[in-house]
Amino acid sequence: MSTLLRGAERWLLPVLQSARYSVESVQCVYLTVADHFEPFHRADRSEAIARMKRWQRDFPASIRDFRDADGRPPRHTFFYPVEQDDEEVLQRLSDLCQQTGSEVEVHLHHEGDTAETLRDRLRRGLDALMKHGLLRCAADGSPRFCFVHGDWALANSHPQGKHCGVHDEISVLRRLGCLADMTFPSAPSATQPQRVNSIYRTACTGNPATLSEGPAAMAGVGSALHESLDHLLIIQGVLALNWGRRKWGLLPRLENSDITLANPPTVERWRLWLERAPRLVGRPECAFIKLHTHGATPWNSDMLLGAAMLDFRSYLAAQSIPVHCVSAREMVETIHQMERGISF
């Protein structure tokens, strides 16, 4: 079956109906890369450490000559899988972040959990990251973090109940200090929700189908749900059909914001992201582009640390549209500020 068609009964119509903006209407862009950074993916410990050493060696050089609209190098965000606790790997990651201004957020793969066992897993993972200074904290010392769910199954969203088990995962995350989720889009995975290309808040308790429900983020009016422990901010990447890349010369390819060695960021994809990126209600001129990747794998490291990303950053630097290359945390903070009516 074509990758495009897998699970399309859930998301294809919403994709076709989602808003499309003209590139010329965009006045600013907030761009973040949510890197599902898994050094142990198909690797033993020695290989995982070798992957970290490569990033320590090559990443600082890869961003040295780029500056965004704020005059800063890009802020990379490593969503680290907290079930892969390793002292040396985390220390190397901490050193890399201190050197480059990058940040770490929370990634987790889990299966068959209850709310209680999930809470315990996350607390252990948060403690490990905090030990290495890899998470920011509130005034009382409690962690604050963004989240990406392993295998895309946020809030038990896989129709067969795989890769999670916890319907009220949103509540567990919020009560542990989660500020926002950046898991989606996940298509062609069966976990893809019906809602696409959106920034919104969801409660999603007791029924994964409600993951698509909740009010859109709106500029200038504040949000009564900002501090709610029952609602989580969802920041989606672009899900669209790319008619410029066709399979068999007929079917459009699926654009799901994943940047890989085989599908690196390009000018063509950039224009599609600008047209389809989520906006806050009331601020259609500001595009929020959330990409994702699996940057620790050698093949994607080749793309992220090599010529493909260098060429893309050179293209961004030449744009007349201000492009702010922000961390995941900074994207969340920008959304909060716009909700409060702060102008940019």
Side-chain angles (χ1 to χ4, degrees), residues 32-43 45 48 51-52 55 59 75-87 89-94 96-97 102-113 117-136 143-158 162-166 169-170 172-174 176-186 189 191-192 211 232-237 256-260 290-297 300-301 304 327-332:
T32 196
V33 178
D35 187 345
H36 306 190
F37 194 75
E38 303 173 20
F40 289 91
H41 180 73
R42 300 179 185 175
R45 187 169 185 271
R51 292 175 178 182
M52 286 305 311
W55 271 81
F59 181 59
R75 293 301 198 252
H76 200 78
T77 305
F78 300 96
F79 280 81
Y80 187 82
V82 294
E83 74 276 8
Q84 297 178 11
D85 183 10
D86 184 277
E87 190 76 16
V89 168
L90 288 177
Q91 187 57 52
R92 288 184 177 278
L93 186 57
S94 178
L96 179 60
C97 288
S102 302
E103 298 181 7
V104 171
E105 301 292 351
V106 178
H107 188 29
L108 176 68
H109 303 81
H110 67 109
E111 180 98 33
D113 267 320
T117 59
L118 172 62
R119 191 176 297 111
D120 290 343
R121 286 184 196 275
L122 282 168
R123 281 175 174 158
R124 289 194 299 271
L126 294 170
D127 287 345
L129 295 183
M130 292 172 69
K131 176 182 175 182
H132 290 271
L134 290 173
L135 284 184
R136 63 200 171 280
R144 295 292 182 268
F145 61 95
C146 300
F147 187 71
V148 163
H149 200 292
D151 301 300
W152 317 108
L154 179 68
N156 213 30
S157 56
H158 194 285
K162 296 179 180 179
H163 313 307
C164 185
V166 184
E169 188 165 36
I170 298 297
V172 173
L173 288 167
R174 284 293 288 134
L176 288 175
C178 185
L179 299 173
D181 176 82
M182 295 189 175
T183 298
F184 301 113
S186 60
S189 167
T191 61
Q192 173 64 43
L211 188 58
L232 181 62
L233 182 67
I234 305 291
I235 303 175
Q236 298 182 328
N256 62 3
S257 300
D258 189 11
I259 54 174
T260 67
K290 192 270 306 181
L291 309 178
H292 65 271
T293 189
H294 289 76
T297 58
N300 284 340
S301 292
L304 291 165
S327 68
R329 170 188 60 85
E330 290 171 331
M331 180 169 281
V332 172

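- F145 pairs by the ring-ring contact (aromatic ring centres under 6.0 Å, His included) definition with nothing, not counting sequence neighbours.
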Kindly indicate, with the supporting measurements, whether the criterion side chain to side chain contact (heavy atoms under 4.5 Å, CB included) is fulfilled by R45 and D86.
CA-CA 9 Å; R45 187 169 185 271; D86 184 277; 2.6 Å; yes
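- Sorted by first and then second residue, the salt bridge (charged side-chain N to carboxylate O under 4.0 Å, His left out) pairs involving residues 122-136 (not counting sequence neighbours) are E87-K131, E105-R136.
- Atoms NE2 and OG1, from H292 and T77 in turn, are 14.5 Å apart once rounded to the nearest 0.5 Å.
- Considering every non-hydrogen atom in both P39 and A296, the closest pair reads N-CB, 3.6 Å.
- In this structure, the side chain to side chain donor-acceptor pair (under 3.5 Å) partners of S186, at least two apart in sequence or on a different chain, are T191.
- Atoms CD and CH2, from Q192 and W152 in turn, are 9.5 Å apart once rounded to the nearest 0.5 Å.
- Side chain of S327 to backbone of R75: no donor-acceptor contact under 3.5 angstrom is found.
- Remark: N300 engages T260, L261, T293, H294, T297 in a side-chain contact (heavy atoms from CB on, under 4.5 Å) (not counting sequence neighbours).
- Residues D85 and L90 meet the side-chain proximity criterion, which asks for heavy atoms closer than 4.5 Å.
- Scored by the side chain to side chain donor-acceptor pair (under 3.5 Å) test, H76 finds D35 as partners (sequence neighbours excluded).
- Rounded to the nearest 0.5 angstrom, L129 CG and S94 OG are separated by 10.0 Å.
- Contacts of H109 classified as ring-ring contact (aromatic ring centres under 6.0 Å, His included), with partners at least two apart in sequence or in another chain: H107.
- In this structure, the side chains of S301 and W55 come closer than 4.5 Å at one or more pairs of heavy atoms.
- In terms of the side chain to side chain donor-acceptor pair (under 3.5 Å) criterion, residue partners of T117 (sequence neighbours excluded) are, by chain and number, D113, T114.
- Listed by chain and number, the residues in a ring-ring contact (aromatic ring centres under 6.0 Å, His included) with F40 amount to none (sequence neighbours excluded).
- Residues F79 and M182 form a side-chain contact, since some pair of their non-hydrogen atoms from C-beta on lies under 4.5 Å apart.
- The existence of a salt bridge linking K162 and D151 is excluded, since no basic side-chain nitrogen approaches an acidic carboxylate oxygen closer than 4.0 Å.
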Might you work through the side chain to side chain contact (heavy atoms under 4.5 Å, CB included) test for V166 and N156, ending with a clear yes or no?
CA-CA 6 Å; V166 184; N156 213 30; 5.8 Å; no
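- Here E169 contributes atom CD and L122 contributes atom CG; the two are 7.5 Å apart, rounded to the nearest 0.5 Å.
- A 4.5 Å side-chain heavy-atom check between Y80 and L134 finds every atom pair outside the cut-off.
- With sequence neighbours excluded, the residues that form a salt bridge (charged side-chain N to carboxylate O under 4.0 Å, His left out) with E103 are R329.
- For the pair C164 and H110, the minimum side-chain heavy-atom distance is below 4.5 Å.
- Taking 4.5 Å as the limit, every side-chain heavy atom of L176 sits out of range of all side-chain heavy atoms of F147.
- With sequence neighbours excluded, no residue satisfies salt bridge (charged side-chain N to carboxylate O under 4.0 Å, His left out) with D120.
- Of all heavy-atom pairs between A48 and A43, the closest is N-CB, 4.3 Å.
- Partners of R51 under the side chain to side chain donor-acceptor pair (under 3.5 Å) rule, at least two apart in sequence or in another chain, are E47.
- Partners of E111 according to the salt bridge (charged side-chain N to carboxylate O under 4.0 Å, His left out) rule, which considers only residues two or more places apart in sequence or in another chain, do not exist here.
- Side-chain contact check for F184 versus K290: every heavy-atom pair is 4.5 Å or farther apart.
- Inter-residue side-chain proximity for M331 and I235 is flagged as met; some heavy-atom pair is nearer than 4.5 Å.
- Shortest non-hydrogen contact noted between T32 and A328 is OG1-N, 3.3 Å.
- In this structure, the separation between CG on L232 and CG on L154 is 7.5 Å, given to the nearest 0.5 Å.
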Derivation and outcome, side chain to side chain contact (heavy atoms under 4.5 Å, CB included), residues E83 and L108:
CA-CA 6 Å; E83 74 276 8; L108 176 68; 3.5 Å; yes
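- With rounding to the nearest 0.5 Å, the separation of CD in Q91 from CG in L96 is 11.5 Å.
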